[in-house]
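Order of listing sets the numbers, starting from 1, for every ligand and every atom in it. What you are looking at is a predicted structure, and each value in this text was computed from that prediction instead of being measured.
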Amino acid sequence: MVDLPFTFTIPMPQVVPSRVDNHIERRLSALRGQFFDQETYHKMLSVEDQLIYEVYEIKRPEVVGELLMGISIVHPGKVGREFFMTKGHFHSVLETSEVYYCLRGEGYMVMETPEGDTSVEALSPGKVLYVPPCWAHRSVCTSRQEDLVTFFAYPANAGHDYGTIERQGFRKLVLDGENGPEIVDNPRCQ
Ligand code: S6P
Ligand code: ZN
């Protein structure tokens with residue numbers, strides 16, 4: 001039987017979609033090895049395995065032609081000077097793209113290609129970001145108190161390759177500086 005079109009809503013300001021098939025919570029322990037200040041990371045983890053970000057997914061068959069959509073929520077906070085962020089990933093099918101639409105909060109999308117090109121785009125409410133094929137992507141929340149909330153859509157067959165980023169992190173880090181967020185080179189990638 002053919003699938004029927006459907007709608008759902010993203011109520012503001014709560015932003016939890018009216019249709020949700022999967023709710024993912026990622027805590028500090030899921031970001032092992034990713035934060036630059038490892039000493040502070042381990043200290044924080046010994047106190048509490050804090051909730052860093054959540055994803056609400058609308059499930060579709062993971063086949064060519066389908067799109068996966070959802071809401072990503074990165075909570076405010078820092079490990080040392082580095083803002084809370086998602087793990088970040090390449091898509092397993094590298095040549096797949098993604099669209100993000102920022103609904104709330106302030107932050108950045110940190111991106112890079114396997115060849116070493118980098119791009120860091122600021123996110124604020126109303127901004128649409130197109131992540132072209134082959135670019136790894138990580139959302140970073142730089143709001144002091146507000147969540148960074150984005151709507152995303154990407155090909156359902158894309159899959160996630162987390163391993164490449166887990167090994168050495170992204171080439172760029174977003175740190176809290178004296179005059180606001182600073183984008184710096186990741187010393188692990190030199
Ligand atoms: C999936 C898309 C988002 C992320 C989400 C969490 O391709 O980019 O749904 O999964 O923002 O990030 P991560 O890196 O933990 O999957
Ligand atoms: Zn993605």
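Of the protein's non-hydrogen atoms, the one nearest atom 1 (C) of ligand 1 is H160 NE2, 3.0 Å. In this structure, the protein non-hydrogen atom closest to atom 5 (C) of ligand 1 is V55 CG2, 3.8 Å. In this structure, the protein non-hydrogen atom closest to atom 15 (O) of ligand 1 is Y53 OH, 2.5 Å. Of all protein heavy atoms, the one closest to atom 10 (O) of ligand 1 is H89 CE1, 3.7 Å. Counting protein heavy atoms only, atom 2 (C) of ligand 1 is closest to E98 OE2, 2.7 Å. In terms of protein heavy-atom proximity, atom 12 (O) of ligand 1 is nearest to T86 CB, 3.6 Å. In this structure, the protein non-hydrogen atom closest to atom 9 (O) of ligand 1 is F152 CZ, 3.0 Å. Of the protein's heavy atoms, Y100 OH, 3.5 Å lies nearest to atom 3 (C) of ligand 1.
If you look at H91 next to ligand 1, the close heavy atoms, those under 4.0 Å, all belong to the side chain.
D3 and R60 are joined by a salt bridge, as a carboxylate oxygen and a charged side-chain nitrogen come within less than 4.0 angstrom of each other. Ion pair D176/R81 not flagged as a salt bridge, since none of the NZ, NE, NH1 or NH2 atoms sits closer than 4.0 Å to an Asp/Glu carboxylate oxygen.
Shown are H137, E166, R138; of these, the side chain to side chain donor-acceptor pair (under 3.5 Å) with H89 is made only by H137.
Within 6.0 Å of CZ in F36 there are 12 or fewer heavy atoms belonging to other residues, nucleotides or ligands.
Between S139 and ligand 1, a contact under 3.5 Å exists for no N or O pair. For G88, a nitrogen or oxygen atom sits less than 3.5 Å from a nitrogen or oxygen atom of ligand 1, counting backbone and side chain alike.
Between H160 and Y162, the two ring planes are parallel [angle under 30°; tilted spans 30° to 60°].
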